[in-house]
Amino acid sequence: MQLSWAGVDHWVVSLGCGLLIGLVSERRGKEQESIAGTRTHAIAALLGCAAWWLGVLPFAVVLLLVGALTVAAYWHSAPNDPGLTSEVTLLFSLTLGALSHKSPTLTAALGILCALLVHSKGPIQRWSRELLRENELRDGLLLGAAALIVMPLLPQAPVDPWGVLSLAALWKVVVLFMAVGMLGHILTRVLGPHWGLPVTGFFSGFVSSTAAIASLGNLAKSDEHQQAQAFGSAMLAQLASLCLFIAILSTTSITLMLSMALPLLVATLCLVLAAATGLLNRQKTATQTEFETERVFKLSTALLIAGTIALMLVLGAWLQHVFGSTGVLVAAAFAALAELHAAAASLGQLFASGSLPLSTAQWGLVVILASSAIAKSVLAFAVGGTKYGTRVSLGLASMVTGAGLSLLWIG
């Protein structure tokens, strides 16, 4: 007679979860008395498994009995240990035993997660009580509400006559701006001001270089000593955006991308040099101050960015509607004011379909790079002030100039 694993797997998983949670709870009992250790949790998990195997009613009776014992134990230990972790964990072990009949895999995962939470009491309390600041908690809750409450309620369908203005897409930009600010704040606190901002700037550029430049401008305006580092990190964000630009162009038209290899390489080198000037200069200034801001991000700034993008999208759609096919490049340039990669994909697709000659498509790419640079420069001045805006404008201008001169040289 062969023993089928399907018949005993829930028993094994229940016992394993009970032993693991009990072991962690018992070790925690070295510091304070626990109402349940390894044996109690293991038996509770097996009891839950057996009770559910008998039926819902027997499990309900067992749950009530164990609950009553847990209440009595808490009543006895409350003067010395007012916490409820031990009592709730025991009831959870019982419930895991019942859950193992439905999904052993989920039961095992929840059991490990419970043990991890019990074991991490010290680090979690230190993080919540000492490391987490009030402004970080407030802005984190605001970010969660924007992403999980507001965004699902917004319509996906366009609300303008030309079909380009989606409220849900615009709100994603707001959420991205807030998330970039939060990520930058966290990495800066973990890695320190010397490395946190550059790492954040580069990887945020893959998500939204516009949001990254605006968020870094907010930092530059609030802390004069961070001007150079904010500029260098903004150039890294644009560098990541340019890498994504090249990747998207390659997927739509590899021929067009290869014909622009030298101009795009020169543009990349210009951004690297611009970033280096800011990050090398930071050694003289970044150590003079700590990265401390009252807010992790500014919602008003995020709404300003979304409104600007909405205006540019509607304007570009109107131009294309008025000028027809002759306004395609104009529309692409205006579209690049809000979204560079979408404009690049459009030009690549038009060239691949034969609607645009090679020279027109090549200069069209330079035009949309310039258009995007203008929009980001204006945003940098608006958010970060004159000094930050001037630096960002010069860095972006070097990228566009390098690409344009290289194209003239090979053309």
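Everything numeric here is computed off the predicted structure, so don't read it as measured data. Residue numbers run from 1 in the order of the sequence given.
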Who are the side-chain contact (heavy atoms from CB on, under 4.5 Å) partners of [X], not counting sequence neighbours?
X: L69; result: none
X: A230; result: L216, A220, Y388
X: L110; result: F92, L96, L99, L106
X: L65; result: V61

To the nearest 0.5 Å, what is the distance between [atom1] ([X]) and [atom2] ([Y])?
X: L15; Y: C49; atom1: CG; atom2: SG; answer: 10.0 Å
X: M399; Y: M235; atom1: CE; atom2: CE; answer: 8.0 Å
X: I21; Y: L90; atom1: CD1; atom2: CG; answer: 9.5 Å

- request: Kindly give the heavy-atom pair with the smallest separation between L379 and A214, and that separation in Å.
  value: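 Shortest heavy-atom contact: CD2-CB, 3.8 Å.
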message: How close do A115 and L20 get, counting heavy atoms only, and between which atoms?
response: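 Nearest pair, atom of A115 first, then L20: CB-CG, 3.8 Å.
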query: Taking only residues two or more places apart in sequence or in another chain, which ones pass ring-ring contact (aromatic ring centres under 6.0 Å, His included) with F202?
result: F206
statement: With sequence neighbours left out, the residues meeting ring-ring contact (aromatic ring centres under 6.0 Å, His included) with F59 are W52
Side chain to side chain donor-acceptor pair (under 3.5 Å) against [X], all qualifying residues, sequence neighbours excluded:
X: T268; answer: none
X: S377; answer: S393
X: T40; answer: none
X: S233; answer: none

message: The test is side chain to side chain donor-acceptor pair (under 3.5 Å); show your working for K121 and T85 and say whether it passes.
response: CA-CA 10 Å; K121 174 186 177 181; T85 303; over 6 Å; no
message: Less than 4.5 Å apart, side chain to side chain, heavy atoms only: is that true for P263 and I410?
response: yes
message: With salt bridge (charged side-chain N to carboxylate O under 4.0 Å, His left out) as the rule and sequence neighbours excluded, what pairs involving residues 103-116 come up?
response: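 Qualifying pairs: none.
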